Each structure stands twice: as structure tokens, then as C-alpha cells.
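Shown next, in C-alpha cells, is the structure this report addresses.
Note on naming: letters A, B, ... go to the chains in the order of the sequence lines (proteins, then strands), and numbering restarts at 1 for each one. Note that the coordinates shown come from a computational prediction; the quantities given were computed from them, not determined experimentally.
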2 protein chains.
Amino acid sequence: MGQGSSSVSEEPGRRRTIRDVAKAAGVSIATASNALNGMGRTNAETRERVRRIADEIGFRPNALARSLLTRRSHSIGIITNDTYGRLTLPMSAGVSEALVDHGVSAFLCATNNDPRLAQLHLEALLDKQVDGIIFTATRLDLTPPVDLTRLPIPVVYAFAIGPETAPTFIPDDAQGARLAVRHLQERGYRRILHITGQEDYLAARLRAEAYRDLAGEQAEVMFGAWSEEWGHEAVRRLISSGRPRPEAIFCGSDEIARGVIDSLRDHGLKVPEDVAVVGFDNWQVVAAQTRPPLTTVDMELKELGRRAGLAMLDLTRGLPVAPGITRLPCSLVTRRSCGLA
Amino acid sequence: MGQGSSSVSEEPGRRRTIRDVAKAAGVSIATASNALNGMGRTNAETRERVRRIADEIGFRPNALARSLLTRRSHSIGIITNDTYGRLTLPMSAGVSEALVDHGVSAFLCATNNDPRLAQLHLEALLDKQVDGIIFTATRLDLTPPVDLTRLPIPVVYAFAIGPETAPTFIPDDAQGARLAVRHLQERGYRRILHITGQEDYLAARLRAEAYRDLAGEQAEVMFGAWSEEWGHEAVRRLISSGRPRPEAIFCGSDEIARGVIDSLRDHGLKVPEDVAVVGFDNWQVVAAQTRPPLTTVDMELKELGRRAGLAMLDLTRGLPVAPGITRLPCSLVTRRSCGLA
DNA sequence: TTGAAAGCGCTAACAT
DNA sequence: ATGTTAGCGCTTTCAA
């Protein structure tokens with residue numbers, strides 16, 4: 001009843017517990033807990049008082065204690081093989097965006113594809129009772145460096161293809177490729193060439209296939225490395241082959257596109273007047289800096305991460321989530337490499 | 001004593017607890033705990049048996065329960081304003097590398113510089129009882145979007161300058177710049193120009209200052225944007241000014257260097273024969289792709305992260321850690337833009 | 001509406 | 001060397 005007992009602020013270093021709140025409000029711990037979380041079970045007046053006091057003394061519930069009881073840690077793990085950041089950071093920013101409002105935080109584990117490291121990280125995550133794990137990689141068809149199929153918690157795959165039973169979110173590479181090719185065709189470009197990366201990458205095959213479907217008879221795919229250098233080399237071969245040159249080139253990555261554009265210029269060919277070029281990735285540092293700036297396909301990685309985060313949220317709440325692959329649409333960012341908008 | 005009671009595997013879904021281990025081993029919970037963690041306090045034979053059984057039934061201690069008692073969560077938070085990844089991911093990979101062997105995991109919080117988001121993340125971290133926070137940013141002189149100075153836990157700054165009382169790890173920009181300039185001078189280049197980014201970036205000023213100290217009378221700094229375009233523009237100005245052209249150009253970033261190199265080529269100047277170029281960042285996608293490949297300064301971000309992680313480890317153990325700025329050496333990666341090795 | 005009590009899984013005195 | 005007990009901070013029956 002007495003409220004003045006300022007014995008609350010003894011031991012200034014210690015964090016306030018619900019005990020402190022209860023004492024200061026002159027109620028029991030249970031009532032304090034109810035007032036802070038429960039709905040309706042407490043007298044409105046009491047509830048207000050408890051909440052006000054909790055606020056005043058700066059009470060914040062210990063999530064560890066709560067989790068121990070509720071068996072939900074409100075944290076998840078993101079396991080990635082990416083150590084470079086281009087894909088993983090936008091993705092996990094998207095994941096966090098979906099989770100942070102629900103008080104869920106994400107442990108980021110960079111494995112560098114090392115099984116030992118991956119195992120270590122996984123054990124730490126499991127011990128910390130994460131509610132789920134999101135696996136993400138630098139290529140769709142990468143096998144996780146550690147077995148994720150027998151875990152007691154849900155696993156979601158993002159930019160990586162998991163087993164059929166697990167929700168998997170990947171960019172719709174075929175749709176992205178169609179976006180690019182159609183964009184070129186709509187502007188009147190007919191003979192379109194596709195210069196892309198390694199054929200053993202699923203993404204490369206998916207894009208090439210979609211391209212072939214649209215490009216007609218003259219469809220021609222040049223597989224190579226995912227590098228600027230390959231862009232140069234491919235153009236060099238093209239020119240020296242003496243064949244009629246394509247009206248447009250759809251590139252499998254912005255880096256390749258950059259090589260292509262530079263090489264085209266070296267050969268006295270103007271982009272887009274002589275040859276139009278489209279890229280794939282919308283990797284700012286590359287796409288915005290080509291001359292002219294590159295029209296390219298954006299995989300919407302942040303949105304991809306957000307969707308993966310949302311799925312994880314549902315999963316941890318016991319809600320049903322469709323297993324299997326969900327392909328998320330890519331968008332086209334138009335700059336100047338296929339003529340003016 | 002009877003050990004055969006295979007009642008252990010009731011409820012297959014539930015995770016094993018130390019209770020299960022104790023029961024299966026026919027000892028008390030305390031003894032089981034001691035056998036698993038304590039040193040010496042238990043009979044060697046018992047210890048072995050307990051450990052073996054724990055292993056067999058797949059027991060893993062619940063870190064939440066342990067943390068509640070020990071007041072160490074073995075997790076930390078990394079708060080970054082970077083949503084792009086170039087700096088943050090290598091850094092936090094370094095942090096993790098230092099921590100993972102000690103069972104410490106890192107929550108990654110991308111704030112996008114939004115105070116609301118930062119506050120949200122911070123509260124979640126604090127509630128989860130993280131042992132410490134590492135703040136990191138895309139520029140040294142960035143003010144955190146949320147107050148980090150009154151926290152009950154240690155804060156370490158990495159690639160961001162904190163208050164004097166906090167351990168701060170940043171690259172030694174001056175030393176990096178000297179590395180670049182000396183490298184040029186050792187190869188006989190005399191008139192060296194410095195083209196760099198925005199003057200209001202501390203890093204730009206630090207590098208420019210170090211450059212001026214070494215470059216002698218003809219030292220000249222051109223501040224501008226951190227972009228490839230500025231590299232082009234700067235060279236254009238240089239040429240059209242009609243002044244004698246420099247023998248070498250030290251650039252404040254790889255992107256600027258790329259613009260410079262391309263522009264030089266456009267003007268018919270050969271790198272390194274006519275003008276040598278050095279960059280700063282060693283950002284693979286840029287530095288390895290210039291023609292010729294770029295000799296550049298590497299800030300050793302992963303090592304920086306590792307050091308920050310190590311400092312955090314000490315701090316959470318109550319060991320003394322020197323407050324204030326620690327500048328970590330940069331290294332020079334030689335490619336071909338200043339002549340052959 | 002409120003409080004007493006049990007207990008999440010574990011560690012750490014203390015007693016045996 | 002081992003077991004008993006208390007308790008970390010919280011939620012949740014169940015009784016009052």
C-alpha cells in the first residue's frame with residue numbers, strides 16, 4: 001500500500017526486475033506480471049499504476065527468463081556462406097525488417113563454407129534455443145556445409161534451394177530474364193545474344209532457358225565466367241568471328257555487362273545505338289557506373305529476405321506455411337543502355 | 001543405481017535436459033552438472049560415464065537457463081548503419097571468428113540510420129541480455145542513431161569513432177596513405193597528385209594529410225565525391241587545365257581510381273607507363289577489374305572485426321581493455337597499376 | 001481481482 | 001565425491 005518506500009533504487013547497477021516493480025507498486029509479482037502482459041485479468045486502475053511504475057523505474061523484462069518458460073527465444077539464426085556481403089546483407093536486412101517489430105532478433109553466422117565453422121555456429125544457435133534458422137547462400141544450388149534437415153526447429157531457405165519439405169524463397173530467374181528480353185524486344189531489338197556465367201550454376205541455366213524461349217531461332221548463349229573479363233573476351237570472340245553482330249546483348253550479370261559495354265566501346269561500337277545491353281543484379285557499384293548506366297534486372301533481395309522472415313514468423317507461431325519453392329518476381333531497373341526511357 | 005531404465009527416450013520430441021542425463025547416469029542433477037562443467041570435483045570414473053551418456057542421448061545444455069544464472073548470455077549485438085554490406089559483412093565475419101570458439105554469437109542489427117529502428121533493435125538486444133554491443137558504420141565520423149553511452153554493458157566501436165572512454169578500432173588511414181605514397185615514391189614517381197572523396201569525411205582528411213606530409217611541395221589534393229564519376233571529372237579538369245601532368249595519382253577510393261584509370265585511357269594516357277595509379281579499399285569487384293588491375297590499400301576489415309571481437313571478449317570477462325582509439329595497420333595489395341612488382 | 005506457489009533448466013553453496 | 005537445497009527472473013495454474 002505505501003508507495004513512498006524508495007527502497008527501489010538500492011543497488012543502482014542492478015537491472016530492475018519484476019520484483020522491483022511489484023514491490024514499488026505494492027502488489028504481488030503475479031499481479032505485476034499480469035498487469036504488464038495479461039489482458040483483462042487485472043483491475044484497470046492497478047494495471048495503469050503498475051505500468052506507470054514499471055516505466056518510471058525503467059523496468060524491462062528479462063527475455064531470457066521469459067524464454068525459458070515460454071520456450072520461445074524470439075531469436076533466429078541466419079547461416080550464410082557469404083563473407084563478402086553483396087547478397088547476404090540486403091537479405092538479412094529484409095529479414096530483420098520483418099522481425100524486429102515482433103521483438104525477434106537474428107544471429108548472423110558467416111560460415112565461409114567451412115563445415116567445422118558451420119557446425120560450431122549451428123550448435124551455438126541450438127543451445128541458445130533459436131526459434132528457427134534461415135539458410136542463405138551465394139548461389140541457389142549450394143549444399144549447406146552442415147546438415148540442416150534433422151533439426152528440431154523450422155528451417156527456411158532464402159536464395160538457396162532446400163529440401164522439398166522446407167519453405168524456400170528464391171528470385172524468379174526465368175521471369176527476370178523474360179523481363180530483360182521482352183524489354184529489348186519491345187524496343188525493336190531483334191537479334192539478341194545472351195552472354196552469361198558458368199553453366200553449372202542453376203541460375204545461369206534458368207535464365208538462359210527463359211531467354212531461349214523468347215529469343216527465337218537466333219538464340220545463342222555464351223556461357224563463361226561470372227566476371228568482367230569474360231564480358232570482354234566474349235565480345236572479342238564475337239567480333240573476330242565475323243558473324244553479323246547482334247542488335248542487343250542480354251548479360252547474365254552486371255559484371256559481365258560491364259565488360260561487354262567496355263569492350264564494345266573499345267571496338268568502336270556505341271551502346272545503345274549500335275548494340276543495346278541489359279544486365280542482371282542491379283549491383284549499384286557496377287550498374288550505375290557503366291557508360292552508359294546499365295538497364296538491369298533487380299532480384300529484390302531485401303523483399304526476398306522479408307518474405308523469408310515473415311514465413312519464419314508464421315512457422316514459429318505454429319501457423320501453416322507452404323513448403324517448397326516460392327519464386328519471387330524480379331524487377332527491371334531502366335537506365336540508359338537500351339535507349340532512353 | 002540401476003542404469004538400464006531406458007525411460008530416457010520418452011517424449012522423443014522434447015530436448016534432453018540435464019535431468020535426463022542425471023537419471024540415465026544414476027546420479028543427482030548436481031553431480032551431472034559438475035561432471036559436465038566442473039573440474040576435479042567429481043570422480044573421474046563418474047565423470048566419464050556422465051559425459052558418455054550425455055553424448056549418447058544427445059544432451060546439449062540450454063544456454064538460456066545457464067545464462068539466467070550466470071548473467072552472461074554469450075551473445076553480443078552488432079549495430080550497423082550499413083545495409084549494403086561492403087564494410088559490415090567482412091567486419092562481422094571477423095567479429096564472429098573471434099567469438100565463435102568461445103560460444104559467443106552475434107546479433108546483427110541493420111538500422112539503416114533510422115533512430116526508431118535503432119531504438120527497437122537496441123531494446124531487443126538489452127532485453128536479451130547481450131553481454132556487449134559493437135557499433136560499426138560506413139564512415140568513421142558517424143554519430144550512432146541511438147545513444148550508446150549510458151548502457152549497462154560495454155560498447156566497442158569498430159570502423160566508427162566512439163567516446164574517449166570506449167575502445168575504438170579503426171583502420172590507420174594515415175599509415176595506409178603513407179603506404180601508397182611511399183610505394184609510388186620508391187618506384188621513382190615524383191609528382192604525385194591525390195584525388196579523393198568528400199572533405200567532410202574524416203578518413204578523407206586523414207589520408208590527405210598523410211599524403212601532404214610525404215608528397216612535398218607539389219602536393220595537391222582534389223576533394224570531390226566518392227564516385228567513379230568524380231574520377232573521370234577530376235582527370236578531365238586536370239588535362240584541360242594544361243598543367244604538366246602528374247607522374248602518379250593516389251586515389252582516395254577504388255571507385256575513384258577506376259574512374260581515373262578509365263578517363264586516363266580515354267585521353268590516350270597509359271597506366272602505369274604514363275601515369276601510375278594507386279587506390280584505396282581493395283574492393284575486389286572494382287580493384288581487380290580495372291585495366292590494368294589496381295594496386296590499392298586494404299583496410300583489413302576482417303582483422304579489424306576480429307580485434308573488436310577480442311576486445312569485447314576481454315571486456316565481458318572483466319579484463320581491462322584500453323579505452324580510446326586503436327589504429328590498425330592497412331596493407332598494400334600490389335597489382336599492376338604502378339608498374340610490375 | 002489478486003496472491004501463493006510451482007517450475008522452466010540450470011549452477012552453486014552447503015551439507016553429507 | 002555426491003546429494004540437497006536454493007534461486008536466476010519470469011509466467012501460469014489454482015485458491016482465496
(request) Report the nucleotide, chosen from C/dG9, D/dG3, D/dT2, that has the shortest atom-to-atom distance to any side-chain atom of B/V27. (result) D/dG3
(request) Tell me what B/S67 touches on the nucleic acid: a base, only sugar-phosphate, or nothing, going by heavy atoms under 4.0 Å. (result) nothing
(message) Looking at B/R86, I want to see if its CZ is surrounded by more than 12 non-hydrogen atoms of other residues, nucleotides or ligands under 6.0 Å.
(response) yes
(message) On the nucleotide D/dA1, are OP1 or OP2 found under 4.0 Å from the side-chain N or O atoms that B/T42 carries?
(response) no
(request) Enter the distance from B/L36:CG to B/F59:CZ here, rounded to the nearest 0.5 Å. (result) 6.0 Å
(message) Testing the 3.5 Å rule here: is there a donor-acceptor pair between the side chains of A/S73 and A/D131?
(response) yes
(message) Please report the distance, rounded to the nearest Å, between CZ in A/R72 and C1' in C/dC8.
(response) 16 Å
(request) Measure the distance from CZ on A/R71 to P on D/dT12 and round it to the nearest whole Å. (result) 12 Å
(request) Take A/V156 and A/F135 through the side chain to side chain contact (heavy atoms under 4.5 Å, CB included) test and state the conclusion after the steps. (result) CA-CA 6 Å; A/V156 169; A/F135 178 77; over 6 Å; no
(request) To the nearest Å, give me how far apart CZ (A/R15) and P (D/dC8) are. (result) 16 Å
(request) Using only heavy-atom distances, determine whether the side chains of B/K128 and A/S105 contain a donor-acceptor pair under 3.5 Å. (result) yes
(message) Do A/T17 and A/N62 pair up side chain to side chain, a donor and an acceptor below 3.5 Å, judged on atom types alone?
(response) no
(request) Specify the separation, in whole Å, of atom CG of A/N43 and atom C1' of C/dT2. (result) 10 Å
(message) Less than 4.0 angstrom between a side-chain N/O of B/S28 and OP1 or OP2 of D/dG3, yes or no?
(response) yes
(request) Report the distance from atom CG of A/L68 to atom C1' of C/dA6, rounded to the nearest whole Å. (result) 14 Å
(request) Mind checking side chain to side chain contact (heavy atoms under 4.5 Å, CB included) for A/A30 and listing every partner two or more places apart, or none if nothing turns up? (result) A/S28
(message) Whole angstroms only, please: what is the CZ-C1' distance between B/R49 and D/dT2?
(response) 12 Å
(request) Consider only side-chain N and O atoms of B/D82 and B/T138, and report whether a donor and an acceptor are under 3.5 Å apart. (result) no
(message) With each end axis built from five pairs of C1' atoms, what bend angle do you get for the helix from C/dT1-D/dA16 to C/dT16-D/dA1? Round to 10°.
(response) 40°
(message) So which atom in A/P163 and which in A/T149 form the shortest heavy-atom distance, rounded to 0.1 Å?
(response) CG-CG2, 4.3 Å
(message) Less than 4.0 angstrom between a side-chain N/O of A/T46 and OP1 or OP2 of C/dT2, yes or no?
(response) yes
(request) Mind calculating the distance between CG (A/L36) and P (D/dC10) to the nearest angstrom? (result) 9 Å
(request) Report, as a single string ordered 5' to 3', how protein heavy atoms within less than 4.0 Å touch nucleotides 10-16 of chain C: B base, S sugar-phosphate only, - not at all. (result) BBB----
